[in-house]
Amino acid sequence: MRRRNVGCPCKNEGVYLLVGLAAGDNVAVTALDGTGTPVEQTRLLTGAEFPGFVAARESASPRWVWDDTSRWYPRLLAASVRVRRCHDLRLCHVILRNSELTAHSRLARAPVGPWEGPAPVQADLPTRAALFDLEPEGSVRDVGGGSGSDELSAATPVAEREFRDQLEAVASAADPARLRLLLAAESAGALIAAEMQAAGLPWRSDLHDALLTEALGPRVPAGVKPRRLEDLATRIRTVLADPTLKLDSQQDLLRTLQRSGLEVRSTRAWELRKHSHPVVEPLLEYKKLSRLASANGWAWMDAWIVDGRFHPDYLPGGVVTGRWATRGGGAMQLPKQVRGAVVADRGWKLVVADAAQLEPRILAALAQDTAMATAGRGADLYAGIVASGVVETREQAKGAMLGAMYGATTGEGGRLMPKLARAYPRAIGLTEEAARAGERGDRITTRLGRSSPLPGADWRAAQARAYDSSASAADERLARSRARDWGRFTRNFVVQGSAAEWALCWMAEIRKALWAFGDDPPEAAPSSSAQSLFAHSPHLVFFLHDEVIVHTPTVLAGEVEDIIIRSATEAGRLLFGDFPVDFPLTVTSVDSYAEAL
DNA sequence: CGACCCTGCGCG
DNA sequence: AAAGCGCGCAGGGTCG
């Protein structure tokens, strides 16, 4: 029988459990109540005791508070321990520090401190202290052999104070519920990122290798050009009558192309395609294959595929808008070309889901634009816009929408914008206002409260110069151009950022629902690795802005599809309440990612 | 040699 | 320099 933490007389016990580094490899855990006040003696644990402790306390569903999920969670996963909820102090600090909604808080007005720093590189050393090394109070690691409370490093009090400042900042905000949701979603994202990295995306190296061999010729050692590339290079040199042409040198290539009579200003594929010259076809082929070889070739495979899984390093909050980034491996640029190597295990499926026209739907809801939301009632919002008679074709609808969200001024997108503005004044009005705010140098804030950064000193200086009495026409042009640039950024920020929030909520809901399939992982008998942690039940394995992949036993694929769809609806409700906006998905259960295109 | 910028292209 | 947002990465080239 399992022991459960029920019937504890202390009502607040275990609401928050703050985790910090102590002397040596020890871990200090302090229980805090809803105000961030300690409610019991700090516990000191050895690194070896820590996972078991977490597993035991997890039964009460606390929220684990730590400086950095990517520091603490991988070691728990390695010990087959998962947690339901956490509060990532570093990620949450960045949000609260920059949000307009908490601009008057102590946290936002404090001088630059250790939490302002860039995300520490964790790499494969989960115990490495990075953030706390910056603490002026002293290094954690040189607290050696102390006794009693001396063993508690400065880390725990610092984190405790930070946590209280964060709670206070949220409580003082005009609409604390949104910020609370944002911080919870951001932190859930951090858990998901660590879990996805640990689980990995199923990857068949044999299929990948076959695909490379088919395209490039037999595998060659690093530094040697594959045969197909060598052949193409020879052909191109012959056509251009330049036997010494260095194809990988843009300068060399551009010079030679121009000498051969091609009026190109760059060597970009889209520009080459406009010309009919015998070199175009082999050159485009060369570019395509050399890209494949350098970005996702054998070297990439050796570096990133371990035990049949691709383990990218996700960086939640890595983009200013709140989108994730990745470090190494280029996980967010996986070309469609190689997705055939992403294959479910035997007896398993990949459930691939992506949100259809997410950003315009987010815009419609942000602006409470019921006309646009109505156009999105079906599976295809662009088709809905056409059906409403706003524009002629789907391509026009898409171009005009993207133009509105990105700030197009010319081209078809820019040209059709006025039509869109007449049909959807609220939605288009919101994008225009967001642009004007940026042009003024103001901040703009997403649905849940993430604010855009303020423009830098260069930008302000350029604007100031334009207002000076001695300003030249060039000064004014530059200032206006910079202002418009920043306006396009803020215009897009509010949509992209709010869409990122929707996606976080979507994933968090998916994870929560999938949790029920697990054999109660936190309390299960510890097994040896993270791999086995995800060996029996459906789990998230990939995320790409508006798309997720769940790896699941085949028998559960149908249920997983339902969960993903329901979670999308729930995410919409969390962000926009009862506003009638749909978030339809395309969901398919496939063996290979390539089938899901 | 590393640090940095430029070009080009992959993804949303 | 694709007309308009956000990224990461590779390879060439230049500079110190």
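Naming convention: chains lettered A, B, ... in sequence-line order (proteins, then strands); numbering from 1 in each chain. Note that the structure is predicted; figures quoted are calculated from it, not measured.
Of the side-chain N and O atoms in A:Thr321, none sit less than 4.0 angstrom from OP1 or OP2 of C:dC7.
Pairs passing the salt bridge (charged side-chain N to carboxylate O under 4.0 Å, His left out) check and including a residue from residues 248-260 of chain A, sequence neighbours excluded, read A:Lys225-A:Asp248, A:Asp242-A:Arg259, A:Asp252-A:Arg255.
A donor-acceptor pair under 3.5 Å is absent between the side-chain atoms of A:Trp324 and the main chain of A:Ala190, judged by distance alone.
With A:Lys349 as reference, A:Asp591 is the one residue of A:Thr552, A:Thr588, A:Asp591 to meet the side chain to side chain donor-acceptor pair (under 3.5 Å) rule.
Rounded to a whole Å, the CG atom of A:Asn296 is 12 Å from the C1' atom of C:dG8. One atom, CG of A:Leu292, and another, P of C:dA10, lie 14 Å apart when rounded to the nearest Å. When the C1' atom of C:dG6 is taken as reference, atom CZ of A:Phe543 falls 13 Å away, rounded to whole Å. Note: CZ (A:Arg255) to P (C:dG12) measures 15 Å, nearest angstrom. If you measure from atom CG of A:Asp252 to atom P of C:dG13, you get 7 Å, rounded to the nearest angstrom. Between A:Arg415 atom CZ and C:dA3 atom C1' there is a gap of 12 Å when expressed in whole angstrom units. Spacing between atom CG of A:Leu416 and atom C1' of C:dA3 amounts to 13 Å, rounded to whole angstrom units. In this structure, A:Arg327 atom CZ and C:dC7 atom P are separated by 16 Å, rounded to whole Å.
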(request) Determine, stepwise, if the pair A:Gln496 / A:Thr321 fulfils side chain to side chain donor-acceptor pair (under 3.5 Å). (result) CA-CA 6 Å; A:Gln496 188 183 118; A:Thr321 58; 2.7 Å; yes
(request) Determine, step by step, whether A:Met372 and A:Arg361 satisfy the side chain to side chain contact (heavy atoms under 4.5 Å, CB included) criterion, reporting the C-alpha distance in whole Å, the side-chain angles of both residues, the deciding distance to 0.1 Å, and the verdict. (result) CA-CA 8 Å; A:Met372 186 175 281; A:Arg361 292 169 192 279; over 6 Å; no
(request) Decide salt bridge (Lys or Arg N to Asp or Glu O under 4.0 Å) for A:Asp369 and A:Arg426; before the verdict, give the C-alpha distance in whole Å, the side-chain angles of both, and the deciding distance to 0.1 Å. (result) CA-CA 5 Å; A:Asp369 191 318; A:Arg426 296 186 71 121; 6.0 Å; no
(request) For the pair A:Glu561 and A:Ser589, evaluate side chain to side chain donor-acceptor pair (under 3.5 Å) and give the outcome as yes or no after the intermediate values. (result) CA-CA 8 Å; A:Glu561 289 187 15; A:Ser589 296; 2.4 Å; yes
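Rounded to a whole angstrom, the distance from the C1' atom of B:dC5 to that of C:dA3 is 25 Å. Look at the P atom in both C:dG4 and B:dG12: the space between them is 22 Å, to the nearest Å. A distance of about 27 Å separates the C1' atoms of B:dC4 and C:dA2, rounded to the whole Å.
Of the residues near DNA chain C, A:Phe489 and A:Thr410, the one whose nearest nucleotide (by heavy atom distance) lies more toward the 5' end is A:Thr410. Summary of the strand contacts: A:Met405 and A:Ala293 both lie near DNA chain C, and taking for each the nucleotide with the nearest heavy atom, the more 5' one is attributed to A:Met405.
Side-chain atoms of A:Thr586 and A:Asp354 form a donor-acceptor pair, as typed in the model, at a separation below 3.5 Å. With 3.5 Å as the limit, one finds no donor-acceptor pair spanning the side chains of A:Ser498 and A:Thr446.
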(request) Report the secondary structure of DNA chain C in dot-bracket form, marking unpaired bases with a dot and bases paired to a different strand with |, and treating Watson-Crick or G-U pairs with both distances under 3.5 Å as paired. (result) ....||||||||||||
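Within the nucleic acid shown, A:Val495 has no heavy atom closer than 4.0 Å to any nucleic acid atom. Contacts of A:Gly329 with the nucleic acid, taken as non-hydrogen atoms under 4.0 Å apart, involve only primed sugar atoms and P, OP1 or OP2. Among the atoms of the strands shown, only primed sugar atoms or phosphate atoms (P, OP1, OP2) are found under 4.0 Å from some heavy atom of A:Gly407.
The six-membered or imidazole ring of A:His208 lies near that of A:Trp203, with a centre-to-centre distance under 6.0 Å.
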(request) Could you encode protein contacts along nucleotides 5-12 of chain B as a string, one character per nucleotide from 5' to 3', using B for base contact, S for sugar-phosphate-only contact and - for no contact, with a heavy-atom cut-off of under 4.0 Å? (result) --SBBBSB
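A search for side chain to side chain donor-acceptor pair (under 3.5 Å) contacts involving A:Trp300 returns nothing, not counting sequence neighbours. Not a single ring-ring contact (aromatic ring centres under 6.0 Å, His included) links A:Trp298 to another residue, sequence neighbours left out.
Out of C:dG6, C:dG11, C:dG4, the shortest distance to the side chain of A:Val319 is found at C:dG6.
Taking CZ from A:Arg450 and CG from A:Leu182, the interatomic distance works out to 5.5 Å, rounded to the nearest 0.5 Å.
Within a heavy-atom distance below 4.0 Å of DNA chain B, no residue of residues 213-241 of chain A is found.
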